[in-house]
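Worksheet for the structure shown next.
Below, chain A is the first sequence line, B the second, and so on; all start at residue 1.
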Number of protein chains: 2
Amino acid sequence: MATRGGRSRAAVSALDPVPFALDRTSPVPLYYQLAQQLEAAIEQGALAPGDLLGNEVDLSTRLGLSRPTVRQAIQSLVDKGLLVRRRGVGTQVVHSQVRRPLELSSLYDDLEAAGQGPATQVVRNERVPAPADVAAALGVPEGAEVVRLERLRSTHGQPVALLCNYLPAGLLELDSARLESTGLYQLLRASGITLHSARQTVGARCADAAEAARLEEREGAALLTMRRTAYDDTGRPVEYGTHVYRASRYSFDFQLLVRP
Amino acid sequence: MATRGGRSRAAVSALDPVPFALDRTSPVPLYYQLAQQLEAAIEQGALAPGDLLGNEVDLSTRLGLSRPTVRQAIQSLVDKGLLVRRRGVGTQVVHSQVRRPLELSSLYDDLEAAGQGPATQVVRNERVPAPADVAAALGVPEGAEVVRLERLRSTHGQPVALLCNYLPAGLLELDSARLESTGLYQLLRASGITLHSARQTVGARCADAAEAARLEEREGAALLTMRRTAYDDTGRPVEYGTHVYRASRYSFDFQLLVRP
DNA sequence: CAGTGGTCTAGACCACAGA
DNA sequence: CTGTGGTCTAGACCACTGA
């Protein structure tokens, strides 16, 4: 079967029948529009695992874009772990169905996404002088005023976690009522604070009598512990927290990507 | 004070006195050479937190590179969380001293990096039919032959973790002697398998009698549990493992980056 | 060998921040 | 207003892969 006109005889791509609609009048960058549509095609199965994407040069002429723009779109999906590039071979959809990107996990978001209908009880919301560990984590002098937050998180009427957080004073107004209806991280985002990175330590220990009582566990039950310092996009610490979770009802679930 | 010649009156950059040596004959990409030298400058304190990098156009002319190349170098450090870009402002070094990038943590590597001199005892290294959960994780039929590995990891003569791993049969030859002198992930890398991503679940529970005996803990002691499926760069599962750690002697420590 | 992604160039225009 | 990063173009040459 002859190919029509002067079209190059490139290998067929599973992408060929996929229509792309790029809107040059949109404020959304072209590479981003393309990345979204590629991701949708993968998500919906138009591109199956192992399928070749077709070479970048053809793709760019077909779309009326320059090659760097197409590369930028593809690269963003490679970074997400959806595609793999192989020199001399092509770009393929990865074989596994891994999806969820690594995120700064917020327990509230996690539970909400899991449809667990989280409820929060604010136990403490007060200003206190910073203890040594808190001061070190937040980068403030020891004894400086910080906000101390203590919350009990539940799902289905059962306690799940005991959350203790410290924030620099004056960072934002923390209304207890709003804290009970939404997560701390959502409040931070709503205040224009964009979280950027966090350092976490996850461990385990047995519940003491007080924790057991709060969490409705027996004394000595296994607890997951998490200590985290979160930073905004300038690298300034905005939150330090020590959390304990009932191991019988919660675990951390996340995906790692290895950068070459 | 007048500026000499036609030089633009750009804001002074902390980068000005930093010498850069780019080798165009090297096989190392220029953007990568630049990124490494920028990172070194940050690491060594030549660029302090909050310092401006100087604008990209000046930088590229000073270095004799095109702007996209310089951007690529800077972008890689932004991705690492070392720099922040602000439109209309400039590129700054982040304020916090966070360093360690998120990696696919290998316990052996972790312990070695911490100077703990890990020792490994291979308890089992055999081929078995895949149980249901293993088959599902590795994407093989239930009952298909897989390699089952059981190891006891110790530091300072004290047991730390009990590691149970499954790998597809035929993926590579696992020599027990080599497994005792190095980590599983190092052996995978040495076999040309490049790990790409992993899905992890971290939880906790109390030690049963058998685990307590192996790990030299009392029965009921808190244990950290980790279940992980690791994928290579084509997205194919290459390893599934369930590990338990003595919580009294080990915790997970990692850094998250939020992608906008 | 031909085809692929990897890198690089030298410009361009735009949107946004801050004085 | 000026200076910044954000996006985009239309080419170029190279290194690697696999037939």
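Listed by chain and number, the residues in a side-chain hydrogen bond (donor to acceptor under 3.5 Å, both in side chains) with A:Thr201 are B:Asp253 (sequence neighbours excluded). Taking A:Arg127 as the reference, A:Glu145 meet the salt bridge (Lys or Arg N to Asp or Glu O under 4.0 Å) condition, with sequence neighbours excluded. With sequence neighbours excluded, the residues satisfying side-chain hydrogen bond (donor to acceptor under 3.5 Å, both in side chains) with A:Asp232 are A:Thr234. Not counting sequence neighbours, A:Ser60 has no partner by the side-chain hydrogen bond (donor to acceptor under 3.5 Å, both in side chains) test.
With respect to B:Lys80 and B:Glu39, a salt bridge is recorded, a charged nitrogen being found less than 4.0 Å from a carboxylate O.
As a whole-Å value, the separation of A:Leu83 CG from C:dG5 P is 11 Å. The distance between atom CD of A:Gln72 and atom C1' of D:dC8, rounded to the nearest whole Å, is 9 Å. Rounded to an integer number of Å, the gap from CD1 of B:Ile74 to C1' of C:dC8 is 16 Å. Regarding B:Leu52, its CG atom lies at a distance of 12 Å from the C1' atom of D:dG3, rounded to whole Å. The nearest whole Å value for the distance from the CZ atom in A:Arg86 to the P atom in D:dA15 is 21 Å. Spacing between atom OH of A:Tyr31 and atom P of D:dC8 amounts to 7 Å, rounded to whole angstrom units. The CG-C1' distance, from A:Leu63 to D:dT9, rounds to 15 Å in whole Å. Protein atom CG of A:Leu53 is 8 Å distant from nucleotide atom P of C:dG5, rounded to whole Å.
For residues 22-30 of chain A, proximity to DNA chain D is found at A:Arg24, A:Pro29, A:Leu30, defined as any non-hydrogen atom under 4.0 angstrom from a strand atom.
Nearest to the side chain of A:Asn55, among C:dT4, C:dG6, D:dC8, sits C:dT4. Proximity note for B:Arg71 (side chain, C-beta onward) versus D:dG6, C:dG5, C:dC8: the nearest is D:dG6.
Residue pairs meeting the salt bridge (Lys or Arg N to Asp or Glu O under 4.0 Å) criterion with at least one member in residues 65-78 of chain B, sequence neighbours excluded: B:Glu56-B:Arg67, B:Glu56-B:Arg71. Counting only residues at least two apart or in different chains, salt bridge (Lys or Arg N to Asp or Glu O under 4.0 Å) contacts with residues 165-178 of chain A are absent.
For the residue pair B:Tyr231 / B:Glu239, no side-chain donor-acceptor distance below 3.5 Å is found, with atom types taken as modelled.
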For residues 27-37 of chain A, dump all side-chain donor-acceptor pairs below 3.5 Å to protein atoms at least two apart in sequence or in another chain.
from    : atom 1 : to      : atom 2 : distance (Å)
A:Gln33 : OE1    : A:Asp23 : N      : 2.8
A:Gln33 : NE2    : A:Asp23 : O      : 2.9
A:Gln33 : NE2    : A:Val28 : O      : 2.9
A:Gln37 : OE1    : A:Ala21 : N      : 3.0
A:Gln37 : NE2    : A:Ala21 : O      : 2.7

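Within the 4.0 Å cut-off from OP1 or OP2 of C:dT9, at least one side-chain nitrogen or oxygen of B:Thr69 is found.
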Practice problem: Let me have a per-nucleotide readout for nucleotides 11-19 of chain C, 5' to 3', with B, S or -, counting only protein heavy atoms under 4.0 Å. | Solution: -B--BSS--
